[in-house]
Amino acid sequence: MQELLSIKYDVESGDFIRGGEASSSIKKLLQQLGIKADIIKRICVACYEAEMNIVIHSLGGYIEAKIFNNKIEIVAKDKGPGIENIDLAMKEGYSTAPEYAREMGFGGGMGLPNMKKSCDEFYIESKIGEYTEVRMVVYF
Amino acid sequence: MKLGKIKELLEAEVLCNEELLDYEAVSVFACDLMSDVLSLAKKETILLTGLTNIQAVRTAEMLDLRCIIFVRNKRPDESVIELAREKGICVLFTKYTMFTACGILYTNGLKGADMF
Ligand SMILES: Nc1ncnc2c1ncn2[C@@H]1O[C@H](COP(=O)(O)OP(=O)(O)O)[C@@H](O)[C@H]1O
Ligand SMILES: [Mg+2]
């Protein structure tokens with residue numbers, strides 16, 4: 001299982017204009033690599049939700065994509081408040097997103113469930129007041 | 001149903017990628033919540049939304065959707081149209097509200113996109 005390439009994007013807190021650019025770049029890259037469209041879609045849905053969570057809920061972080069010949073691994077890690085109760089956060093519809101996030105089309109509480117559903121492997125780890133880290137794997 | 005026909009039915013204006021009017025849409029998803037849209041992973045679906053910011057276009061991009069219809073006479077900013085143009089997404093813009101636009105399309109035979 002050889003790592004072909006790895007790329008990292010910074011994601012800024014509160015930036016609803018640029019939020020999504022990392023996911024968009026990863027999409028372009030996967031298309032260039034000739035990955036099947038429905039696989040790319042699953043990766044992008046998960047990656048984009050993770051990216052928007054960094055924008056909405058954290059103080060900023062990064063998205064890192066590691067591409068192997070048989071899979072992609074995406075790590076979304078931020079500095080921020082962290083998640084107190086991960087089981088609760090994973091519930092469909094649970095959200096602490098502020099009103100302005102809802103006005104931007106987010107905050108429906110479906111992001112983490114969407115990520116989990118979209119990926120073959122999903123791991124989340126968080127420390128209150130410090131960080132949240134989501135790691136996702138999709139096989140090609 | 002062809003986008004051209006949808007444009008006619010909704011008396012819509014085309015804001016970019018007019019050449020896609022021949023595209024055949026199979027179903028519609030009407031929603032202002034992008035996470036809900038993201039949990040639908042169907043092809044040939046078009047997005048009907050009142051959310052005119054750049055994230056509506058990003059969402060369509062992630063899902064390979066070919067058309068977004070903005071309702072309620074809310075014209076998106078030029079930067080939003082520009083991104084859609086670049087991503088090959090046809091943008092329509094109608095004066096009808098969400099409910100009425102949905103009703104018109106449904107009555108004329110378009111169906112909702114099923115969730116996966
Ligand atoms: N990166 C993060 N940092 C802090 N809290 C988070 C993060 N991601 C998710 N959460 C918490 O988990 C909840 C559910 O997340 P999600 O399912 O993506 O829904 P939404 O983003 O719509 O609120 C959020 O409302 C928030 O409380
Ligand atoms: Mg979210």
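Here is the naming used below: chain letters follow the sequence lines, and residue numbers restart at 1 for every chain. Nothing here was measured: the structure is a model prediction, and the numbers come from that model.
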Engineer: A side-chain contact here means heavy atoms from C-beta on lying under 4.5 Å apart; do B:R58 and A:E21 qualify?
Structural biologist: yes
Engineer: Which of residues 82-105 of chain A have a heavy atom under 4.5 Å from any heavy atom of chain B?
Structural biologist: A:E103, A:M104, A:G105
Engineer: Determine whether B:L3 and B:Y96 fall in the same hydrophobic cluster, where Ile, Leu, Val, Met, Phe, Trp and Tyr are linked whenever their side-chain heavy atoms lie under 4.5 Å apart.
Structural biologist: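 Per the 4.5 Å side-chain linkage, B:L3 and B:Y96 are co-clustered.
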Engineer: If Ile, Leu, Val, Met, Phe, Trp and Tyr residues are connected whenever their side-chain heavy atoms lie under 4.5 Å apart, and connections chain through other members, are B:L51 and B:V71 in the same group?
Structural biologist: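 B:L51 does not cluster with B:V71.
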Engineer: For atom NZ of A:K36, is the number of surrounding heavy atoms from other residues, nucleotides or ligands below 6.0 Å larger than 12?
Structural biologist: no
Engineer: Would you name the heavy atoms of B:M62 and A:G20 that are closest together and state the gap between them?
Structural biologist: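 Closest approach of B:M62 to A:G20, heavy atoms only: CE-O, 3.7 Å.
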Engineer: I'd like to know if B:V14 and B:M1 are part of one continuous hydrophobic network [Ile/Leu/Val/Met/Phe/Trp/Tyr, side-chain heavy atoms within less than 4.5 Å].
Structural biologist: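 Yes, B:M1 and B:V14 fall within the same hydrophobic cluster.
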Engineer: Relative to chain A, which of B:I54, B:T49, B:N53, B:V80 shows the most heavy atom pairs under 4.5 Å?
Structural biologist: B:N53
Engineer: What about A:F122 and A:I43, same hydrophobic cluster or not, with Ile/Leu/Val/Met/Phe/Trp/Tyr joined at side-chain heavy-atom distances under 4.5 Å?
Structural biologist: yes
Engineer: So what's closer than 4.5 Å to chain A heavy atoms on B:L33: side chain, backbone, both or neither?
Structural biologist: both
Engineer: Rounded to the nearest 0.5 Å, how far does OG of B:S35 lie from CG of A:L112?
Structural biologist: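 Answer rounded to 0.5 Å: 9.5 Å.
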Engineer: Using a cut-off of 6.0 Å, state whether more than 12 heavy atoms not belonging to A:K79 lie near its atom NZ.
Structural biologist: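 No - once you tally the heavy atoms of other residues, nucleotides and ligands closer than 6.0 Å, there are 12 at most.
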Engineer: So which of A:S24, A:P113, A:G111 has the largest heavy-atom pair count under 4.5 angstrom toward chain B?
Structural biologist: A:S24
Engineer: I need the full list of salt bridge (Lys or Arg N to Asp or Glu O under 4.0 Å) pairs touching residues 4-14 of chain B, with sequence neighbours left out, sorted by first then second residue.
Structural biologist: B:E11-B:K95, B:E13-B:R75
Engineer: Look at atom NZ of B:K87 and say whether more than 12 heavy atoms of other residues, nucleotides or ligands are closer to it than 6.0 Å.
Structural biologist: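 Enclosed.
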Engineer: Would a 4.5 Å heavy-atom cut-off, applied to side chains only, mark B:D64 and A:K27 as touching?
Structural biologist: yes
Engineer: Mind checking the CG-CE spacing from B:D36 to A:M110? Nearest 0.5 Å is all I need.
Structural biologist: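 Answer for the CG-CE pair, B:D36 versus A:M110, is 6.0 Å.
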Engineer: Under a 4.5 Å side-chain heavy-atom rule over Ile, Leu, Val, Met, Phe, Trp and Tyr, are A:I74 and B:L63 clustered together?
Structural biologist: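 Both belong to a single hydrophobic cluster.
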Engineer: When only heavy atoms count and the cut-off is under 4.5 Å, which of residues 128-140 of chain A reach chain B?
Structural biologist: none
Engineer: Does any backbone or side-chain atom of A:Y48 lie under 4.5 Å from a heavy atom of chain B? Answer side chain, backbone, both or neither.
Structural biologist: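 Contact with chain B: side chain only.
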Engineer: Are any non-hydrogen side-chain atoms of B:E61 and A:C44 less than 4.5 angstrom apart?
Structural biologist: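 Of all side-chain heavy-atom pairs linking A:C44 with B:E61, none is under 4.5 Å.
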Engineer: If you check every heavy atom in residues 11-19 of chain A against those of chain B, which residues fall under 4.5 Å?
Structural biologist: A:F16, A:I17, A:G19
Engineer: State the CZ-CG distance between A:F106 and B:D32, to the nearest 0.5 angstrom.
Structural biologist: 12.0 Å
Engineer: Quick check on B:T52 against chain A: is it the side chain, the backbone, both or neither that has a heavy atom closer than 4.5 Å?
Structural biologist: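 For B:T52, no heavy atom lies under 4.5 Å from chain A.
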